[in-house]
Amino acid sequence: MGNYFNPGNEKFYEAVNSEIYIDKTGLIEYTNSVIATMQKYICISRPRRFGKSTAANMLAAYYSRGCDTGELFSGLEITESKEFPVYLNQYNTIFLNMQEFLSQSENMEGMLALIRESVLWELLEEYPEYRYFDKTNLTRTMQDIYGRAKCPFIVIIDEWDCVFREYKTDKNAQEQYLDFLRDLLKDKGYIHLAYMTGILPIKKYGTHSALNMFDEFTMIDPGPLASYVGFTESEVEKLCGRYQMDPEEVKNWYDGYLFEGSQPIYSPRSVVSCMRFGKMGNYWNQTETFEALQVYIDMNFDGLREDVLSMIAGERVPVNTGSFTNDMTTLRTEDDVLTLLIHLGYLGYDNINRCVYIPNGEVRAEYVNAVSVSDWGEVSKALKNSADTLRAIWQKRPEQVAEGIRQAHFETSHIQYNDENALSYTISLALYAARNFYTIHREMPGGKGIADLVFIPGKQFSDKPALVVELKWNKNAAGAIAQIKEKEYCKSLEGYRGNLLLVGVNYDRKTKEHTCVIEEYHPER
């Protein structure tokens with residue numbers, strides 16, 4: 001058992017024996033199906049905190065000859081497959097975490113030399129008796145071992161793309177690295193499976209890629225591996241039952257990654273933290289600060305800021321993902337930035353309608369943090385002050401509410417500020433802080449019509465009033481309140497027994513002023 005050659009199963013043991021472990025061993029059934037075929041090259045790209053390393057450790061524990069893992073897999077999904085015992089601990093397995101080698105090296109030459117020397121050391125220790133063509137050549141040594149021992153190799157590479165994140169502008173270093181991987185893996189008979197994980201898809205150079213033999217499974221198109229991207233809705237519902245958490249609130253905070261033919265996908269690390277600590281919260285920023293997002297949304301591309309604001313308000317934005325070159329610096333258009341944010345997990349992608357959106361409340365909070373400290377004028381001020389605007393509604397101070405809405409008033413190339421629909425986006429920004437307490441419904445059917453906005457407090461915030469908001473354009477706020485009553489919009493809240501506030505908002509195009517009326521509502525019990 002070595003560190004890199006035929007590693008043990010200790011890391012997978014830790015995962016299986018953790019307080020929360022979601023069985024994703026079904027992935028092994030797919031990797032088994034492509035062993036020693038033309039589809040044996042697999043590249044998985046997902047954001048941080050989405051379980052890439054856990055999956056890589058699982059595969060190493062399953063295939064590596066350096067351990068006996070049958071008992072560890074007992075009771076897990078993969079054991080139901082008839083192929084499970086066929087490949088269990090049967091392969092010479094090389095496991096490389098590229099971030100480890102990168103952090104111990106000063107340049108690319110040093111990193112690649114360290115990889116070769118580390119693996120060769122363990123290979124030659126395991127097979128000292130063979131006659132080798134060149135003991136300093138990693139690929140030739142692997143070939144010699146395969147020829148004598150007749151035991152094929154599986155290569156698992158974690159954090160494969162860290163080079164492109166560290167050497168963002170060093171094209172020579174990137175090409176050296178890709179050439180190393182191509183020499184190690186491509187067209188080698190001794191390789192029966194190559195599995196790589198990273199955040200970014202494989203880097204494109206011109207009309208071809210050095211690693212064009214890989215099937216790629218990405219956040220844009222995870223294909224048949226969609227259910228292994230994160231936690232599925234059914235998996236999270238079981239956890240909510242076990243930990244007595246509200247499934248709707250968990251969904252609002254951590255759901256939102258949608259893939260064709262798959263259940264909704266939740267952010268795994270955040271769900272685990274939420275369950276273990278017993279509260280909703282932003283666990284995303286424990287592994288990455290909002291400044292990482294801020295760098296990209298502050299880029300000076302036409303329409304980018306306006307589209308970000310639209311998405312914060314709950315809208316979806318069209319995107320063309322085809323021009324992205326799979327690195328973090330060659331960003332030539334707004335579409336490239338949005339595509340990168342999909343891969344980083346800051347945006348969800350609707351593959352059918354070809355549009356992007358902010359997936360959930362946790363990620364939306366990161367956008368608000370980034371915009372609040374950016375120089376985005378009145379919008380930044382409105383987001384900072386949204387908690388004060390919400391409190392003004394609770395305290396029935398309509399003038400302060402109107403001022404908060406004025407600060408959030410914006411115009412974009414996509415949403416002209418000239419109707420009630422556009423006004424609802426502004427309200428969403430002005431009351432952004434409401435997402436911490438409420439489930440928000442736009443255009444919610446009730447009574448004899450459809451309410452513009454309905455805010456229903458979460459179970460743990462039963463002391464907060466529900467809000468029914470009606471918007472008017474070039475009319476008056478009092479008329480909005482009258483319409484709520486006349487059309488009985490509050491019937492959408494049948495069964496709700498808490499306090500209820502009616503909020504009417506009007507924008508006068510001539511005076512360019514917002515007005516607000518707030519009224520308590522006491523339905524007949």
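Note that these values count all heavy atoms, side chains included, but never hydrogens, waters or copies made by symmetry. Throughout, residue positions are numbered sequentially from 1 according to the sequence presented. The model shown is predicted, which means the values in this text are computed figures rather than measured ones.
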Run the ring-centre check on [X] versus [Y] and record whether the distance is less than 6.0 Å.
| X | Y | value |
| --- | --- | --- |
| Phe12 | Phe73 | yes |
| Tyr257 | Phe50 | yes |
| Tyr266 | Phe231 | no |

Check [X] against [Y] and note the closest heavy-atom contact, atom names and distance.
| X | Y | answer |
| --- | --- | --- |
| Tyr296 | Leu304 | O-CD2, 3.4 Å |
| Val308 | Tyr367 | CG1-CD2, 3.9 Å |
| Pro268 | Gly230 | CG-CA, 3.6 Å |
| Ala55 | Leu27 | CB-CD2, 4.1 Å |

Is any side-chain N of the basic residue among [X] and [Y] closer than 4.0 Å to the acidic one's carboxylate O?
| X | Y | result |
| --- | --- | --- |
| Lys52 | Asp158 | no |
| Asp161 | Arg165 | yes |
| Glu315 | Arg442 | yes |
| Glu126 | Arg65 | no |

Just by modelled atom types, is the [Y] backbone N or O under 3.5 Å from a matching donor or acceptor in the [X] side chain?
| X | Y | answer |
| --- | --- | --- |
| Tyr41 | Met196 | no |
| Ser81 | Glu83 | yes |
| Thr79 | Leu76 | yes |
| Lys279 | Cys274 | no |

Exercise for the section: Mind running side chain to side chain contact (heavy atoms under 4.5 Å, CB included) on Gln104 and Glu100 for me, showing each step along the way? Expected result: CA-CA 7 Å; Gln104 296 178 31; Glu100 174 188 342; 3.5 Å; yes

Handout entry: side chain to side chain contact (heavy atoms under 4.5 Å, CB included) partner of Leu193, the single match among Ile156, Val34, Thr37, Val155
Key =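 Exactly one pass, corresponding to Val34.
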
Practice task
Count the heavy atoms of every other residue, nucleotide or ligand shown that sit under 6.0 Å from OH of Tyr243, and state whether that count exceeds 12.
Solution key: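 Yes, OH of Tyr243 has more than 12 neighbouring heavy atoms, counting only those of other groups under 6.0 Å.
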
Handout entry: From CA spacing to verdict: side chain to side chain contact (heavy atoms under 4.5 Å, CB included), Lys188, Asp183
Key = CA-CA 9 Å; Lys188 299 297 189 295; Asp183 181 56; 4.2 Å; yes

Would you please say whether a donor-acceptor pair under 3.5 Å links the side chains of [X] and [Y]?
| X | Y | result |
| --- | --- | --- |
| Ser234 | Gln263 | yes |
| Glu77 | Thr25 | no |
| Asp134 | Thr136 | yes |
| Asn360 | Lys251 | no |
| Glu216 | Ser45 | no |
| Tyr127 | Glu122 | no |
| Asp170 | Tyr177 | no |
| Arg316 | Asn353 | no |
| Asn137 | Thr139 | yes |

Exercise for the section: For salt bridge (charged side-chain N to carboxylate O under 4.0 Å, His left out), just list the numbers for Lys82 and Glu29, CA-CA rounded to whole Å, side-chain angles, deciding distance to a tenth of an Å, and then say yes or no. Expected result: CA-CA 9 Å; Lys82 63 180 181 180; Glu29 190 164 13; over 6 Å; no

Exercise for the section: Check the pair Asn32, Tyr62 against side chain to side chain contact (heavy atoms under 4.5 Å, CB included), reporting the backbone distance first and the verdict last. Expected result: CA-CA 11 Å; Asn32 282 346; Tyr62 175 71; 3.2 Å; yes

Handout entry: Option passing side chain to side chain donor-acceptor pair (under 3.5 Å) with Tyr63 (candidates Asn6, Thr31, Thr93)
Key =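 Output: one option passes, namely Thr31.
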
Handout entry: Step-by-step side chain to side chain contact (heavy atoms under 4.5 Å, CB included) determination, Asn57 to Glu10
Key = CA-CA 9 Å; Asn57 292 331; Glu10 294 84 2; over 6 Å; no

Problem - Intermediate values then yes/no, side-chain hydrogen bond (donor to acceptor under 3.5 Å, both in side chains), Ser74 and Glu71 - result: CA-CA 5 Å; Ser74 177; Glu71 185 176 345; over 6 Å; no

Practice task
For side-chain hydrogen bond (donor to acceptor under 3.5 Å, both in side chains), just list the numbers for Thr197 and Glu159, CA-CA rounded to whole Å, side-chain angles, deciding distance to a tenth of an Å, and then say yes or no.
Solution key: CA-CA 6 Å; Thr197 76; Glu159 299 279 5; over 6 Å; no

